[in-house]
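Shown next, in structure tokens, is the structure this report addresses.
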Amino acid sequence: MSQETPCIAVCQIDPRTNLCFGCGRTLPEIARWSAMDSAERRAIMAQLSARMIEAGLQPIEPRQRSEAR
């Protein structure tokens, strides 16, 4: 599996926002992740913290992500 992933193995979708509580991706993004190229993955990852904050979810910082795995 690619290291280019925001996944922290907290795989639950918030029913209010349709975002993963752990990484902030949507189900369609998660489903297509392995088929995306690196540029598309990086573009989505660059949006995740802001997306989660806007949705009222607590983003997990990259350092915490590696500890959560």
Side-chain angles (χ1 to χ4, degrees):
M1 179 177 235
S2 171
Q3 294 300 317
E4 267 186 352
T5 180
C7 182
I8 61 166
V10 176
C11 304
Q12 291 186 325
I13 301 297
D14 175 22
R16 183 181 57 83
T17 65
N18 292 319
L19 299 175
C20 175
F21 282 112
C23 69
R25 293 179 293 171
T26 64
L27 277 176
E29 289 169 341
I30 293 167
R32 286 187 341 98
W33 198 257
S34 63
M36 291 180 189
D37 63 27
S38 292
E40 190 174 5
R41 288 180 189 156
R42 285 191 305 268
I44 290 170
M45 288 190 295
Q47 301 170 9
L48 295 177
S49 288
R51 177 190 288 183
M52 291 181 77
I53 289 167
E54 184 176 313
L57 301 175
Q58 178 65 44
I60 298 176
E61 296 302 318
R63 187 181 79 242
Q64 293 171 308
R65 289 179 194 274
S66 63
E67 293 168 2
R69 287 189 145 186

Electrostatic pair Arg41:Glu29 at N-O distance under 4.0 angstrom: no
Do [X] and [Y] come close enough that some side-chain heavy atom pair is under 4.5 Å?
X	Y	result
Trp33	Pro6	yes
Glu4	Ser38	yes
Ile44	Met36	yes
Arg25	Leu48	yes
Arg16	Leu57	yes

Crowding at CD, Glu40 (>12 non-hydrogen neighbours, <6.0 Å): yes
Members besides Ile30 in its Ile/Leu/Val/Met/Phe/Trp/Tyr cluster (side-chain heavy atoms under 4.5 Å): Ile13, Leu27
From CA spacing to verdict: side chain to side chain contact (heavy atoms under 4.5 Å, CB included), Ile53, Gln58: CA-CA 6 Å; Ile53 289 167; Gln58 178 65 44; over 6 Å; no
Residue list, side chain to side chain donor-acceptor pair (under 3.5 Å) with Ser34, at least two apart or on another chain: none
Closest contact, heavy atoms only, Gly24 versus Leu19: O-CD2, 3.2 Å
Spacing of CZ belonging to Phe21 relative to SG belonging to Cys11, to within rounding of 0.5 Å: 12.5 Å
Value rounded to 0.5 Å, distance of CD in Glu54 from OG in Ser49: 12.5 Å
